[in-house]
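Notes to accompany the following structure.
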Number of protein chains: 2
Amino acid sequence: MARGSATGSTEGAALRRPIESVTRERLLQAAMDVFAQHGYHGTTVDDIVAASQTSKGAFYHYFPSKQGIFLNLLDRLIEMVEAGVEGAIEHEEGGLAKVEAALRVVLEVASAHQDLARILLIEAAALGPEFEQSRLGIHRRFAALIQRHLDRAVADGSIPAQDSRAAAMAWIGAINEVVTQDMAAGRDLMASLPAIRTLLLRSVGARVADETA
Amino acid sequence: MARGSATGSTEGAALRRPIESVTRERLLQAAMDVFAQHGYHGTTVDDIVAASQTSKGAFYHYFPSKQGIFLNLLDRLIEMVEAGVEGAIEHEEGGLAKVEAALRVVLEVASAHQDLARILLIEAAALGPEFEQSRLGIHRRFAALIQRHLDRAVADGSIPAQDSRAAAMAWIGAINEVVTQDMAAGRDLMASLPAIRTLLLRSVGARVADETA
DNA sequence: GCGACCAGACCGACGCGTCGGTCTGGTCTG
DNA sequence: CAGACCAGACCGACGCGTCGGTCTGGTCGC
């Protein structure tokens with residue numbers, strides 16, 4: 001059944017990273033689906049195996065454990081989002097514009113891939129204290145990204161000097177919450193964009209035109 | 001062993017609600033400790049039983065299931081926090097002042113009872129999709145509280161008209177994140193108060209004096 | 001002696017990870 | 001080029017610990 005054999009295949013994947021193995025890819029994809037649908041604890045390895053049309057053996061051939069494939073998935077998602085954000089940001093001029101672009105991209109990505117967003121935002125938090133560190137790490141990673149650009153905005157005078165670390169944290173939290181609630185309520189994420197845009201920008205002291213009545 | 005017997009005892013509890021049974025109370029307390037420490041999925045009924053110095057029989061006499069005691073715990077915590085907030089709020093004059101008071105109280109409570117905060121903010125999210133509703137419900141409940149006062153602030157002209165629903169959501173998210181991260185980093189929660197205070201108030205268009213350099 | 005209350009042995013399902021085994025495709029040799 | 005040989009991807013039944021929940025047998029107050 002067309003099994004990929006070599007690890008060092010020549011064909012490129014959708015996003016840079018070469019496909020190491022079709023089976024491995026199938027497992028990852030299935031895991032993503034199932035985790036998104038049933039949550040970490042609600043998902044069994046057998047579920048993933050079934051959804052991937054592979055086998056238990058294949059699973060443990062490629063991944064050390066259920067936890068292992070999950071962390072793997074997390075990393076992959078983070079990288080994708082970060083790459084998307086960085087890419088969208090570099091075309092913008094000025095700290096504030098970059099920050100705005102990042103905000104828009106994050107919302108767009110979350111909106112387009114709700115299952116991914118669910119994993120990153122919800123399921124990653126559902127791992128229990130042992131893994132809490134990994135979740136906090138993710139948040140901090142994004143916060144650092146935002147903080148960097150906020151600091152730049154401060155430097156170029158777009159916004160007043162302030163505790164950008166706290167601001168970045170608050171932003172992450174706010175975005176997280178809005179996305180989560182909107183998703184749960186079946187609302188269109190992009191519809192919330194103007195509101196949070198205003199909210200967030202104002203929070204750091206940027207001058208914004210009111211868009212809300 | 002000094003067992004409380006009657007369900008309708010006359011003695012008052014710490015906070016209004018009468019203690020229905022000492023054993024029941026012990027179980028609840030133990031559950032709180034253990035859940036806070038190990039998370040929902042990381043906690044076994046036997047853990048709770050052991051920590052409570054009671055027995056499996058007692059546990060299932062008072063609670064229908066592990067899930068049952070957890071939900072019970074959640075309700076109790078929410079009510080406590082809400083009561084605290086409402087109490088602190090009623091003494092304040094003006095929408096904005098009330099909102100500020102609420103913010104301070106939430107931070108204080110979270111700071112003083114980190115274990116509780118952990119359960120409300122983190123563990124409640126760690127239940128998986130089935131319980132997601134309950135978590136969202138909690139957040140919405142608090143959001144509604146905030147929104148109410150924001151609307152009042154709008155009415156009395158302290159802040160401009162805006163999408164207060166979105167604002168309330170964003171606030172919850174921001175607070176949640178700051179508390180979570182601070183707790184994880186071992187930072188003093190109250191130290192973050194000025195920063196988020198400024199951030200949040202500014203976000204809704206309130207005029208604030210800069211406290212940060 | 002009845003019923004509320006509790007102790008703790010026990011049950012059974014469930015799910016992770018293992019392990020012996022198969023199958024495919026490549027390589028080496030005569 | 002046929003056939004022996006091999007690497008390692010892949011399969012799936014099963015072992016075995018874990019854990020929520022049950023059940024029987026008290027004990028104590030009324």
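Per chain, numbering begins at 1; letters A, B, ... match sequence-line order.
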Item checked: Sequence-distant partners of A/His139, side-chain hydrogen bond (donor to acceptor under 3.5 Å, both in side chains), two or more places apart -> B/Glu177
Next item on the list: Kindly point out which of D/dC11, C/dG8, D/dC10 is positioned nearest to the side chain of A/Thr23?
Entry: D/dC10
Item checked: Counterpart residues, side-chain hydrogen bond (donor to acceptor under 3.5 Å, both in side chains), relative to B/Thr44 (two or more places apart) -> B/Asp47
Next item on the list: Just jot down the side chain to side chain contact (heavy atoms under 4.5 Å, CB included) partners of B/Arg152, sequence neighbours excluded, or say none.
Entry: B/Lys98, B/His149
Notebook entry, point to check: Residues two or more places apart in sequence or in another chain: which of them pass side-chain hydrogen bond (donor to acceptor under 3.5 Å, both in side chains) with B/Lys66?
Noted result: none
Next item on the list: Tell me which nucleotide among C/dC6, D/dC10, C/dC16 gets nearest to the side chain of A/Val45.
Entry: C/dC16
Checklist line | Nearest-Å distance for atom pair NE2/C1', residues B/His41 and C/dC14 | finding: 15 Å
Note to self: For D/dC10 and A/His61 - does any side-chain N or O of the residue sit under 4.0 Å from the phosphate oxygens OP1/OP2?
What the structure shows: no
Item checked: Whole angstrom value for the distance that separates C1' of D/dC10 from CG of A/Leu27 -> 11 Å
Notebook entry, point to check: Residues two or more places apart in sequence or in another chain: which of them pass side chain to side chain contact (heavy atoms under 4.5 Å, CB included) with A/Asp151?
Noted result: A/Gln147, A/Ser164
Got a list of protein N/O to nucleotides 18-21 of chain C N/O distances below 3.5 Å?
none

Next item on the list: Would you mind reading off the distance between A/Phe70 atom CZ and C/dG15 atom P, rounded to a whole angstrom?
Entry: 17 Å
Note to self: Applying salt bridge (Lys or Arg N to Asp or Glu O under 4.0 Å) as the test, list every pair that has at least one member in residues 30-39 of chain A; sequence neighbours left out.
What the structure shows: none
Next item on the list: Looking only at side-chain atoms of A/Ala58, point me to the closest of C/dC6, C/dC16, D/dC10.
Entry: D/dC10
Notebook entry, point to check: Roughly, in whole Å, what's the span from CZ in B/Phe59 to C1' in C/dG8?
Noted result: 15 Å
Margin query: Pair A/Glu82, A/Arg141 - check side chain to side chain contact (heavy atoms under 4.5 Å, CB included), show working.
Written below: CA-CA 9 Å; A/Glu82 268 191 350; A/Arg141 201 158 147 185; 3.1 Å; yes
Check: What is the distance, rounded to the nearest whole Å, between atom CZ of B/Phe63 and atom P of C/dC5?
Finding: 13 Å
Notebook entry, point to check: What orientation do B/His41 and A/His41 show, parallel under 30°, tilted 30 to 60°, or perpendicular over 60°?
Noted result: parallel
Margin query: Taking the axis from the first five pairs and the axis from the last five, what angle separates them in the helix from C/dG1-D/dC30 to C/dG30-D/dC1, rounded to 10 degrees?
Written below: 10°
Note to self: Contact list please: residues 46-53 of chain A against DNA chain C, heavy atoms, distance less than 4.0 Å, in numerical order.
What the structure shows: none
Notebook entry, point to check: When you measure from the side chain of A/Thr54, which nucleotide among D/dC11, C/dG15, C/dC6 comes out closest?
Noted result: D/dC11
Check: Does anything in residues 50-64 of chain A pair up under salt bridge (Lys or Arg N to Asp or Glu O under 4.0 Å), and if so which pairs, sequence neighbours excluded?
Finding: A/Asp46-A/Lys56
Next item on the list: Could you tell me whether the side chains of A/Arg26 and A/Gln53 share a donor-acceptor contact shorter than 3.5 Å?
Entry: no
Margin query: Among residues at least two apart in sequence or on other chains, which ones pass salt bridge (Lys or Arg N to Asp or Glu O under 4.0 Å) with A/Glu92?
Written below: none
Notebook entry, point to check: Taking OP1 and OP2 of D/dC11, is either one under 4.0 Å from a side-chain nitrogen or oxygen of A/Ser55?
Noted result: yes
Notebook entry, point to check: Sequence neighbours excluded, which residues qualify as side-chain hydrogen bond (donor to acceptor under 3.5 Å, both in side chains) partners of A/Glu108?
Noted result: none
Check: Could you give the CZ-to-C1' distance, from B/Arg24 to C/dC5, as a whole number of Å?
Finding: 14 Å
